[in-house]
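Note that the coordinates shown come from a computational prediction; the quantities given were computed from them, not determined experimentally. Labels below follow one simple rule: chain letters A, B, ... track the order of the sequence lines, proteins then strands, and each chain is numbered from 1.
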There are 2 protein chains.
Amino acid sequence: MNSDNGRGTDAKKPRKQQKRSVVTQQKLLAAAVEAFSEGGFKGTSTRDIADRAGVHHPLITYHFKNKDMLWRAAVTAIFREFNIALVKSLAEFEHSAPRKRAEVFVRTYVKYAHQQPALHKIILQEASHPSERLDWLIDTHLRPLFTPVEASLKELQQIGVAPPGNPALLFQMIRGCAGGLLALAPEIKTTTGIDFDEPEALDELADMIINVFFSGNFRTVSATTAESGQQSTTQ
Amino acid sequence: MNSDNGRGTDAKKPRKQQKRSVVTQQKLLAAAVEAFSEGGFKGTSTRDIADRAGVHHPLITYHFKNKDMLWRAAVTAIFREFNIALVKSLAEFEHSAPRKRAEVFVRTYVKYAHQQPALHKIILQEASHPSERLDWLIDTHLRPLFTPVEASLKELQQIGVAPPGNPALLFQMIRGCAGGLLALAPEIKTTTGIDFDEPEALDELADMIINVFFSGNFRTVSATTAESGQQSTTQ
DNA sequence: TCTAAATTGGACCAAAGTGGAGAATTTATC
DNA sequence: GATAAATTCTCCACTTTGGTCCAATTTAGA
């Protein structure tokens, strides 16, 4: 709320934010992430969020203006965390081979998507039909994240590590296999018995993704680009 | 509402359902599918559904008892349609090779998931956290669908067409790549420019899924079963 | 055609949801 | 410690929601 006043001219400097305030905000953000990822935007009431956070609901208005702004703040918090984790992981392997870096990316993604499933769940809740929130989500967080990754994928295709085809599509497939699956953990646990809370299961998922998408025995994308539809089984 | 009275003893047969009634029910079901897939269960009001259907909202109570029952009826309608499409497709290739059948399955799934994205969207809305509705969904529709598919996948692994690893996990990955992606069509269109309303894009997706998951140059699952974690890249 | 059952429409309710105003209470700063 | 800003709490006004009730209307079946 108070961040736009650095003018040192004559304005008396505003009193700084109290400590209890940031605590309240953190509690609200955490509760919002959880609630929104379960019920979606429309399906979540501000009172529910306030209850989960253990604070009075008018505090949402005070700290975040309204439900919409709270949603955005919550989403931003998740993505910031994830970006930090990702950058950190990739920095470690800055000079490794592209394939190795892809592997690191997948493992980091899988790991984070498990510990914070809301990262994907909130997207799922919002992305299945057009809306202003979706546009904001894409512009603010999704595209900046996707663009560089797709570029890397393109490289991997050129050296035959990744399968041919539209790299953007390929990335979406990988995303679906990683985050998409982990967002459905409760369903998958019941239907298949696979429990991603067990580290082995998580590792197996990462292994399979890497094996399937980066096995490294694909044709390089040279003249093949056009006739991407393998065979004419296109029924 | 009237289905439990077949006793031919002395009960006078009940007058049959009027035609306009089934029209109303169909309109409500279609509207419910659309609305629930966008807003989730909690996020959708019965009034919204009634408005979309162009009928008065108390009719929901009359025809479906309550919101919960309407949801179940809507989900059942979707799955029934899909199962019919699937059975029909596979019947055509009853005696084809396993790989061909897998391909047909993928193409049918992709096609249906595109024309009726609610098939996957409703699952996504519901499956990200435990609930009674999720349990019902799994028992009634998901498990009966998954079980035979996983068995087929196992065969494909044994002949080296599909990659090794837990077949259930493999299936979930395929599902994520097909239905999962198509459920996010609006997001993907904005972020990547890929428009699944164009048949070529849809074909490319199906092609890539088949190429990645059923390329057919995988090791057969013989003694490998136990140490499913391929290589020791397990960092 | 007549009549009773099936279906629909309109009014209504209690509960829950939203945002906000203003008093009351902390707490940073002097 | 005093004071004013920052934060929290109490209460309210308004809308939405799931659902009920019953009168009005339509339709199946004689």
Side-chain angles (χ1 to χ4, degrees), chain A residues 1-8 10-29 31-32 35-36 38-74 133, chain B residues 1-5 8 10-29 31-32 35-36 38-74 131-133:
Chain A
M1 227 82 305
N2 47 5
S3 55
D4 53 327
N5 31 19
R7 54 182 74 259
D10 58 337
K12 40 175 74 175
K13 61 182 174 188
R15 183 176 292 186
K16 88 174 178 192
Q17 186 185 39
Q18 299 182 7
K19 269 172 296 183
R20 59 180 177 157
S21 160
V22 315
V23 173
T24 306
Q25 289 180 348
Q26 294 307 329
K27 283 195 289 189
L28 277 173
L29 281 177
F36 282 132
E38 287 180 11
F41 183 82
K42 271 181 28 178
T44 301
S45 75
T46 54
R47 256 138 175 120
D48 178 21
I49 295 173
D51 286 348
R52 293 187 196 229
V55 305
H56 287 239
H57 90 270
L59 291 183
I60 288 177
T61 308
Y62 178 73
H63 286 286
F64 298 96
K65 174 76 176 169
N66 58 29
K67 188 179 172 182
D68 199 78
M69 289 309 202
L70 173 58
W71 183 85
R72 294 181 192 215
R133 274 190 306 283
Chain B
M1 230 82 304
N2 48 5
S3 56
D4 52 326
N5 31 20
D10 58 337
K12 42 176 73 177
K13 60 184 171 187
R15 184 174 294 186
K16 90 174 178 190
Q17 184 186 38
Q18 298 182 8
K19 269 174 294 182
R20 58 179 178 160
S21 160
V22 315
V23 173
T24 305
Q25 288 179 348
Q26 294 308 327
K27 284 195 289 190
L28 277 173
L29 282 176
F36 282 133
E38 288 179 9
F41 183 81
K42 268 180 30 177
T44 301
S45 75
T46 54
R47 271 165 169 93
D48 179 20
I49 296 173
D51 285 350
R52 293 186 196 229
V55 306
H56 287 244
H57 90 270
L59 289 183
I60 288 177
T61 307
Y62 178 74
H63 286 286
F64 298 96
K65 175 76 176 170
N66 58 29
K67 188 179 173 183
D68 200 79
M69 289 308 208
L70 172 59
W71 183 86
R72 295 184 192 211
S131 77
E132 215 171 298
R133 273 190 308 282

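- Neither OP1 nor OP2 of C:dG20 sits under 4.0 Å from any side-chain N or O of A:T61.
- Summarising the geometry, the separation between CG on A:D51 and C1' on D:dC9 is reported as 15 Å, rounded to the nearest angstrom.
- Here D:dT8 presents its C1' atom at 11 Å from NZ of A:K27, a figure rounded to the nearest Å.
- Rounded to an integer number of Å, the gap from CZ of A:F64 to C1' of D:dT8 is 15 Å.
- Each of B:R20 and B:P58 has a nearest nucleotide on DNA chain C; the 5'-most of these lies closest to B:R20.
- When each of A:V22 and B:I60 is assigned the nucleotide of DNA chain D bearing its nearest heavy atom, the one mapping closer to the 5' terminus is A:V22.
- Atom-to-atom, CZ of B:F41 to P of D:dG18 comes out at 8 Å; the value is rounded to the nearest Å.
- Taking the side chain of B:R47 as heavy atoms from C-beta on, and the options C:dT8, D:dG19, D:dC9, the nearest nucleotide is D:dG19.
- Rounded to a whole Å, the CG atom of A:N66 is 17 Å from the P atom of C:dG17.
- A side-chain contact (heavy atoms from CB on, under 4.5 Å) with B:K27 is found for exactly one of B:V55, B:I49, B:V22, namely B:V55.
- A:L70 has its side chain out of reach of A:T46: every pair of non-hydrogen atoms, C-beta onward, lies at least 4.5 Å apart.
- One interatomic measurement links the two molecules: NE2 of A:H57 to P of D:dC12, which rounds to 13 Å at whole-angstrom precision.
- Evaluation of atom-type donor-acceptor distances gives no pair under 3.5 Å for the side chain of B:H56 against the base of C:dG10.
- For the pair B:T46 and D:dT17, the criterion of a side-chain N or O lying under 4.0 Å from OP1 or OP2 is not met.
- Of the side-chain N and O atoms in B:H63, one or more sit less than 4.0 angstrom from OP1 or OP2 of C:dT8.
- B:Q18 places its CD atom 10 Å from the C1' atom of D:dT25, with the value rounded to the nearest Å.
- In this structure, B:R47 does not pair ionically with B:D51, as no charged nitrogen and carboxylate oxygen lie closer than 4.0 Å.
- Of the side-chain N and O atoms in B:T24, one or more sit less than 4.0 angstrom from OP1 or OP2 of C:dT8.
- The nearest whole Å value for the distance from the CG atom in A:L59 to the P atom in C:dG19 is 14 Å.
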